[in-house]
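Everything on this sheet refers to the single structure shown next.
Each residue takes its place number in the sequence, starting with 1. All heavy atoms count here, side chains included; hydrogens, waters and symmetry mates do not.
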Amino acid sequence: MTPPSIPAARTQPENPFAYLCYVPRLPPTAYALLLHLLHQQQPGGLVRATHEELATGLALDRGVISRAMPHLVAARLVHVLGRGRLRIHAMLALHATPQDRYAALSALTREDRLDVGHFEDEYERRLADRQAEKERRQAARHRPAPARGHLRPVR
């Protein structure tokens, strides 16, 4: 007895690069970092690597990684879980089985999907918000301390 034939569309694996078309225009080092992270990921998109390890793997300075990472975060391609732990967006992540991939994509809300909305404009807005917050923190750090009390010089 021969097994029933399966339609060709179901046997073909989904193109793993299909969602890369929703990656906004990033600096070249951010693209290189994204490709390196895609190569280093575990199933589910988890990457365990510090900035130092990523820099070593890409033959770059650690500072270059630190400047490229915010672009990937603003584009929602990478989420920082903690020191040395990153998660690649579910739409770009490697999954162990097609069922795992389907479950991960089904769990995404409409707002979390890369293929909904104007991803390029949203990336630019999030990057500008991050820069404004960074400048606000720097200004607060360099603000002179307020004078204490009403002290008069002693004569």
Side-chain angles (χ1 to χ4, degrees), residues 7-146:
R10 297 181 91 195
T11 59
Q12 296 290 330
E14 183 178 335
N15 180 356
F17 305 112
Y19 294 107
L20 285 176
C21 64
Y22 298 105
V23 173
R25 283 169 278 167
L26 299 168
T29 52
Y31 277 120
L33 179 57
L34 176 62
L35 293 175
H36 184 71
L37 291 172
L38 289 172
H39 178 71
Q40 297 296 319
Q41 70 178 312
Q42 299 170 2
L46 183 65
V47 178
R48 293 181 188 270
T50 63
H51 282 205
E52 188 67 39
E53 292 166 341
L54 293 171
T56 301
L58 287 167
L60 296 171
D61 290 332
R62 184 188 176 285
V64 174
I65 301 299
S66 296
R67 287 188 297 277
M69 188 62 72
H71 291 276
L72 298 180
V73 172
R76 299 181 307 146
L77 303 173
V78 174
H79 181 70
V80 178
L81 302 175
R83 187 178 190 281
R85 293 181 57 231
L86 310 166
R87 181 165 314 277
I88 296 173
H89 192 283
M91 293 177 78
L92 298 176
L94 171 71
H95 297 280
T97 65
Q99 292 81 10
D100 291 345
R101 181 171 185 73
Y102 179 77
L105 295 181
S106 297
L108 291 174
T109 64
R110 181 172 169 78
E111 297 81 32
D112 289 337
R113 293 187 60 89
L114 297 176
D115 57 352
V116 174
H118 301 285
F119 64 93
E120 190 80 41
D121 295 338
E122 292 170 12
Y123 159 71
E124 294 289 339
R125 181 188 51 78
R126 281 190 295 276
L127 201 57
D129 289 350
R130 182 189 181 283
Q131 185 62 33
E133 177 64 20
K134 183 177 175 182
E135 289 170 1
R136 186 193 63 76
R137 276 189 264 129
Q138 283 179 343
R141 204 174 334 165
H142 297 295
R143 190 175 304 141

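The closest side-chain heavy-atom distance from Tyr102 to Ser106 is below 4.5 Å. At least one side-chain heavy atom of Tyr123 sits under 4.5 Å from a side-chain heavy atom of Leu26. At a threshold of 4.5 Å between non-hydrogen side-chain atoms, the residues Phe119 and Leu114 do not count as touching. Using a 4.5 Å cut-off on side-chain heavy atoms (C-beta onward), His71 and Tyr31 make no contact. Taking 4.5 Å as the limit, every side-chain heavy atom of Glu111 sits out of range of all side-chain heavy atoms of Val116.
With rounding to the nearest 0.5 angstrom, the CG atom of Leu58 is 8.5 Å from the CD atom of Gln40. Atom-to-atom distance recorded for Glu52:CD and Thr50:OG1 is 6.0 Å, nearest 0.5 angstrom. Expressed to the nearest 0.5 Å, how far CG of Leu105 lies from CG of Asp115 amounts to 9.0 Å. Atom-to-atom distance recorded for Arg136:CZ and Gln138:CD is 11.0 Å, nearest 0.5 angstrom.
The heavy-atom pair separating Ser66 from His51 by the smallest distance is OG-ND1, 3.0 Å. The shortest non-hydrogen separation linking Leu127 to Pro70 is CD1-O, 4.2 Å. Ala49 and Leu54 get closest at one heavy-atom pair: CB-CD2, 3.8 Å.
No donor-acceptor distance shorter than 3.5 angstrom exists from the side chain of Glu135 to the backbone of Ala132, with no hydrogens or angles considered.
Counting only residues at least two apart or on different chains, the salt bridge (Lys or Arg N to Asp or Glu O under 4.0 Å) pairs with a member in residues 64-76 are Arg76-Glu122.
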Q: Decide side chain to side chain contact (heavy atoms under 4.5 Å, CB included) for Leu37 and Leu72; before the verdict, give the C-alpha distance in whole Å, the side-chain angles of both, and the deciding distance to 0.1 Å.
A: CA-CA 11 Å; Leu37 291 172; Leu72 298 180; 4.0 Å; yes
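For Arg130, the salt bridge (charged side-chain N to carboxylate O under 4.0 Å, His left out) criterion is met by no residue, not counting sequence neighbours.
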Side-chain polar contacts of residues 81-96 - donor-acceptor pairs under 3.5 angstrom, sequence neighbours left out - could you list them?
| residue | atom | partner | partner atom | Å |
| --- | --- | --- | --- | --- |
| Arg87 | NH1 | Gly44 | O | 3.1 |
| His89 | ND1 | Met91 | N | 3.0 |
| His89 | NE2 | Asp112 | O | 2.6 |
| His95 | NE2 | Ala90 | O | 3.2 |

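Salt bridge present: Arg125 and Asp129 bring a charged side-chain N and a carboxylate O closer than 4.0 Å.
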